[in-house]
Amino acid sequence: MQSYSDLLIEHFYNPRNVGVIENPDGYGKVGSPVCGDLMEVYVRVEDGHLADLKFRTFGCAAAIASASMLSEMAKGQPLQVAAQLTDEEVACALGGLPEIKMHCSNLAATALRAALEDYYDRHPEARRGE
Ligand code: FES
């Protein structure tokens, strides 16, 4: 059975961007249909870019490491780029995940998309690129 990479374990022990953004520009909360765990993502948007991102999760080690890695991959990116990050890309950046844990990285990517959707709902002009 495939085990966790050293990089994944490092992100689990030292997760980046954990916390809450007060009055965020977007907020997403999703639960995994596989395990029932939860992920919350808060975003701050400036000039069409993801200026800041924080997350909280009641998930496993893979979920924590995935959200940490995703936060580093997404921060500073244009919103369209951040919204297209996938669970596979996050898992690959972490050196791979056992197949049985892929839903954990999907939790992070889905919560980020939900937060960006919330931002677009509040700012429809941004969705149109205005
Ligand atoms: Fe639930 Fe990993 S087992 S997020």
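Just so it is clear, the values below take in all heavy atoms, side chains as well, and ignore hydrogens, waters and symmetry mates. Atoms within each ligand, like the ligands themselves, are counted from 1 in listed order. As the structure is a prediction and not an experimental result, all values here were calculated from the model.
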Flag yes if L38 and V90 sit in one hydrophobic cluster, no otherwise; membership is Ile, Leu, Val, Met, Phe, Trp, Tyr, and two members link when side-chain heavy atoms are under 4.5 Å apart.
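No; V90 is not reachable from L38 via cluster members.
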Carboxylate-amine/guanidinium proximity below 4.0 Å for E10 and R16
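Salt bridge flag = yes for R16 with E10.
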[X] side chain to [Y] backbone, donor-acceptor under 3.5 Å:
X    : Y    : result
R113 : L85  : yes
T57  : I64  : no
R127 : Y119 : no

Please give me the protein atoms (N, O or S only) lying under 2.8 Å from atom 1 (Fe) of ligand 1, ordered by chain and number.
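For atom 1 (Fe) of ligand 1, the protein N, O and S atoms that sit under 2.8 Å away are C35 SG, D37 OD2.
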Residue pairs passing the side chain to side chain donor-acceptor pair (under 3.5 Å) test where at least one lies in residues 27-38, sequence neighbours excluded
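Every side chain to side chain donor-acceptor pair (under 3.5 Å) pair that includes a residue of residues 27-38, provided the two are not neighbours, is Y27-E40.
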Below 4.0 angstrom from a heavy atom of K101, which ligand 1 atoms are there? Numbered from 1 as shown, please.
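Those qualifying, in numeric order: 2 (Fe), 3 (S).
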